Amino acid sequence: MTTLDPPKRKPGPVDFLELDALLSDEERLVQQTVRGFVQSRILPNIASWFEEGHVPKELGKELGALGLLGMHLTGYGCAGSSAVAYGLACLELEAGDSGVRSFASVQGSLAMFALHRWGSESQKTQWLPRMASGEAIGCFGLTEADFGSDPSGMRTTARRDGADWLLSGSKMWITNGGIADLAVVWAQTEGGIRGFCVPADTRGFSANAIHRKLSLRASVTSELIFDECRLPADAIFPDVIGLRGPLACLNEARYGIVWGAMGAARSCYETALDYAKARRQFDKPIAAFQLTQQKLVDMLLELNKGTLLALHIGRMKDRGRALPQHVSFGKLNNVREALDIARQARSILGANGVTLEYPVIRHMNNLESVLTYEGTSEVHTLIVGESITGSAAFA
Ligand code: TGC
Ligand code: FAD
């Protein structure tokens with residue numbers, strides 16, 4: 001049976017493999033809704049937000065009104081979407097800006113997921129509905145200045161004082177830290193690493209903005225300080241001890257990045273393709289030069305392969321089959337390829353590629369953070385390496 005009718009049908013220049021046809025109507029609706037929001041609310045403002053190093057806090061309520069905060073969680077005001085629908089939302093948000101996707105990831109996949117997975121019933125009812133609506137903002141404190149890839153050595157401690165806990169130490173590089181109403185904080189206790197709910201109005205808690213970032217500028221990044229913060233006995237997550245507590249949350253956020261990176265990549269590719277067709281040198285559109293076509297085709301290949309990979313891992317996740325190692329495979333591949341696409345796009349734009357008039361250098365700089373956070377490329381390489389060889393090479 002023949003499957004092709006070349007004269008009548010041509011592949012689309014972006015969704016070349018017709019991956020859209022693999023989505024359900026509901027998934028497509030989520031994608032279109034988020035894309036519309038990004039076009040009307042994010043794209044007209046993002047270059048200025050990036051330049052000013054600012055993101056409006058009200059964005060939380062707007063994302064909440066769309067049901068995008070904790071959208072893959074069930075109950076407590078959360079939308080209960082599929083993993084694929086959640087992934088598509090991440091892709092569209094990151095096509096706007098990685099900082100906007102990060103806002104939703106940290107809120108939904110780190111802070112809310114931690115409460116949903118590990119919190120007590122009263123912690124969930126107190127926080128999750130307000131976080132789903134964006135009325136309350138959460139952050140997730142795992143990394144410390146001296147413990148990034150290896151959080152097991154963290155120095156923040158929580159010790160008993162009567163029935164209470166006293167939390168001391170600091171966390172570094174914490175997204176949304178300075179605008180958070182609640183910090184989910186991981187700390188050493190006598191019994192191992194435990195998670196705590198720390199309301200931002202707790203005495204002794206403070207957040208300092210990290211300035212002079214040249215990446216993820218439309219995202220708040222903070223240092224958190226805990227100066228003998230007194231927390232009630234029920235501030236602790238009751239049942240989880242050890243690093244598996246925070247690492248289980250990272251799986252969720254890393255999964256969102258598998259998709260999100262392809263959103264940033266798509267934006268760069270589309271920009272480069274349009275530019276190459278319009279820009280003329282040597283009396284021709286630069287898209288007509290073989291070397292430009294090679295760049296565009298390489299970008300297209302990785303964009304379509306990466307999106308297909310995200311969809312495959314998403315379908316596995318919806319069937320309960322996605323393992324952390326699959327998510328590492330996706331994060332490693334898709335962020336690396338997205339960064340390469342961004343760099344190729346930047347070169348196609350020539351001098352225009354270095355300004356905020358086009359989204360490309362903003363995505364490129366953002367992706368440098370995405371490559372590092374949620375586990376660096378090296379960490380994900382070693383996770384996959386351990387999986388295939390049976391030998392852990394972290395230390
Ligand atoms: P290891 O001995 O392998 O494991 C300790 C315990 O954790 C369990 N575990 C996991 N559980 C769930 N999901 C996973 N992915 C897990 N990986 C390991 C493991 O079974 C064990 O459990 P148990 O019950 O036996 O104790 O741990 P290790 O110390 O050797 O570390 C392994 C390593 C290096 C992979 C891990 O430390 C790691 O992933 N490091 C990277 C740190 C990282 O990704 N930090 C991200 C911070 S949050 C952030 O960046 C937010 S950015 C903003 C945004 O998302 O937009
Ligand atoms: P290091 O761990 O010091 O690594 C430096 C280099 O050494 C990397 O290339 C790394 O891959 C390599 N390396 C380390 N160990 C090994 C090894 N065993 N083998 C080979 N190479 C190795 N953290 C949070 O907890 N919450 C947040 O909300 C959050 N938001 C962030 C937002 C931004 C913008 C950024 C940039 C970071 C954020 N982080 C957050 C922190 C992030 O997770 C860490 O930066 C990341 O885990 C890496 O840690 P590090 O920066 O200390 O690098």
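This structure is a prediction, so every number in the text was calculated from the model and none was measured. Each ligand, and each atom within it, is numbered from 1 in the order the structure gives.
- For Phe394, a nitrogen or oxygen atom sits less than 3.5 Å from a nitrogen or oxygen atom of ligand 2, counting backbone and side chain alike.
- Taking a cut-off of under 4.0 Å to the non-hydrogen atoms of Ile174, the atoms of ligand 2 that pass are 24 (C), 25 (O), 26 (N), 27 (C), 28 (O).
- Ligand 2 has no nitrogen or oxygen under 3.5 angstrom from a nitrogen or oxygen of Thr221.
- For atom 47 (O) of ligand 2, the choice among Ala145, Ser369, Gly148 with the nearest heavy atom turns out to be Gly148.
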> Do Trp186 and Phe147 pass the ring-ring contact (aromatic ring centres under 6.0 Å, His included) test, and can you show the C-alpha distance, the side-chain angles, and the key distance before you say yes or no?
Replying inline: CA-CA 12 Å; Trp186 301 92; Phe147 298 94; over 10 Å; no

Protein N/O near ligand 1 N/O, under 3.5 Å, which pairs?
| unit_1 | atom_1 | unit_2 | atom_2 | d |
| --- | --- | --- | --- | --- |
| ligand 1 | 7 (O) | Arg244 | N | 3.4 |
| ligand 1 | 13 (N) | Asn251 | ND2 | 2.8 |
| ligand 1 | 15 (N) | Asn251 | OD1 | 2.8 |
| ligand 1 | 39 (O) | Arg254 | NH2 | 3.0 |
| ligand 1 | 40 (N) | Ser149 | O | 2.9 |
| ligand 1 | 44 (O) | Arg254 | NH2 | 2.7 |
| ligand 1 | 44 (O) | Gly375 | N | 2.9 |
| ligand 1 | 50 (O) | Glu374 | N | 3.0 |
| ligand 1 | 55 (O) | Glu374 | OE2 | 2.8 |
| ligand 1 | 56 (O) | Arg101 | NH1 | 3.2 |
| ligand 1 | 56 (O) | Ser102 | OG | 2.5 |
| ligand 1 | 56 (O) | Tyr373 | OH | 3.3 |

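- Summary of contacts: the protein heavy atom closest to atom 51 (O) of ligand 2 is Thr372 CG2, 4.2 Å.
- Contact annotation for atom 39 (N) of ligand 2: protein present (non-hydrogen atoms, distance under 4.0 Å).
- Between the side chain of Gln107 and the backbone N or O of Met131, at least one donor-acceptor pair lies under 3.5 Å.
- Close approach of ligand 2 to Thr376 (heavy-atom distance below 4.0 Å) involves ligand atoms 10 (C), 11 (O), 48 (C).
- Per-residue contacts place Glu374 under 4.0 angstrom from the following atoms of ligand 2 (heavy atoms of the residue considered): 43 (O).
- A continuous path of ILVMFWY side-chain contacts below 4.5 Å connects Ile313 to Met71, so both sit in one hydrophobic cluster.
- Under the 4.0 Å distance rule, the nearest protein heavy atom to atom 16 (C) of ligand 2 falls outside the cut-off.
- Under the 3.5 Å distance criterion, with hydrogens and angles disregarded, no donor-acceptor pair is assigned to the side chains of Gln126 and Ser122.
- Of all heavy-atom pairs between Met299 and Ala345, the closest is CE-CB, 3.6 Å.
- In terms of heavy atoms, Gln123 sits closest to Pro238 at OE1-CD, 4.1 Å.
- Using modelled atom types, one finds a donor on one side chain and an acceptor on the other under 3.5 Å when comparing Ser102 with Tyr373.
- Residue contacts with ligand 2: Phe140 is placed with a nitrogen or oxygen under 3.5 Å of a nitrogen or oxygen of the ligand (distance criterion only).
- Taking every non-hydrogen atom of Leu382 and a distance limit under 4.0 Å, the qualifying atoms of ligand 2 come out as 19 (N).
- Taking any N or O of Glu378, backbone or side chain, at least one lies under 3.5 Å from an N or O belonging to ligand 2.
- Atoms of ligand 2 lying under 4.0 Å from at least one heavy atom of Tyr373, given by number and element, are 31 (C), 32 (C), 33 (C), 35 (C), 37 (C), 38 (C), 42 (C), 43 (O).
- Residues Cys197 and Phe237 approach most closely at SG-CE2, 3.6 Å, considering heavy atoms.
- The residue Leu110 has no part lying near ligand 2, judged by heavy-atom distances below 4.0 Å.
- When hydrogens are left out, the protein atom nearest atom 28 (O) of ligand 2 is Thr175 N, 2.9 Å; that is the closest non-hydrogen contact.
- Shortest contact from atom 13 (N) of ligand 2 to any protein heavy atom: Ser149 OG, 4.5 Å.
- Of all protein heavy atoms, the one lying nearest to atom 27 (C) of ligand 2 is Trp173 O, 3.3 Å.
- The N/O atoms of Asp150, backbone and side chain alike, include none that comes under 3.5 Å of an N/O atom in ligand 2.
- For Tyr275, the ring pair (Phe, Tyr, Trp, His ring centres under 6.0 Å) criterion is met by Tyr358, not counting sequence neighbours.
- Side-chain contact check for Ser133 and Lys61: no donor-acceptor pair (N or O, by modelled atom type) lies under 3.5 Å.
- Not a single donor-acceptor pair under 3.5 Å links the side chain of Arg321 to the backbone N or O of Lys317.
- Less than 4.0 angstrom separates some heavy atom of Thr143 from each of these atoms of ligand 2: 23 (N), 24 (C), 25 (O), 40 (C), 41 (C), 42 (C), 43 (O).
- In this structure, atom 6 (C) of ligand 2 has its sub-4.0 angstrom surroundings free of protein heavy atoms.
- Ring geometry, Phe226 versus Phe205: the interplanar angle falls from 30° to 60°, so the pair is classed tilted.
- Contact annotation for Leu216 and ligand 2: only side-chain heavy atoms (C-beta onward) come within less than 4.0 Å of the ligand.
- Closest approach of Thr157 and Ala187 over heavy atoms only: C-CB, 4.1 Å.
- Between Arg244 and Asp239, the shortest heavy-atom distance links the atoms NH2-O, 4.4 Å.
- Following chains of ILVMFWY side-chain contacts shorter than 4.5 Å, one can reach Trp259 starting from Phe113, so the two form part of one hydrophobic cluster.
- Under 4.0 Å from ligand 2, not a single heavy atom of Lys213 appears.
- In terms of modelled atom types and a separation under 3.5 Å, the side chain of Asp164 and the main chain of Pro232 share no donor-acceptor contact.
- Near Leu142, meaning under 4.0 Å from one of its heavy atoms, ligand 2 places the atoms 25 (O).
- Looking at Glu18 and Lys10, no side-chain N of the basic residue comes within less than 4.0 Å of a carboxylate O on the acidic one, giving no salt bridge.
- Proximity of atom 11 (O) of ligand 2 to the protein is indicated by at least one non-hydrogen atom lying closer than 4.0 angstrom.
- Contact between Cys78 and Ala132 at its shortest, heavy atoms only, is SG-CB, 4.2 Å.
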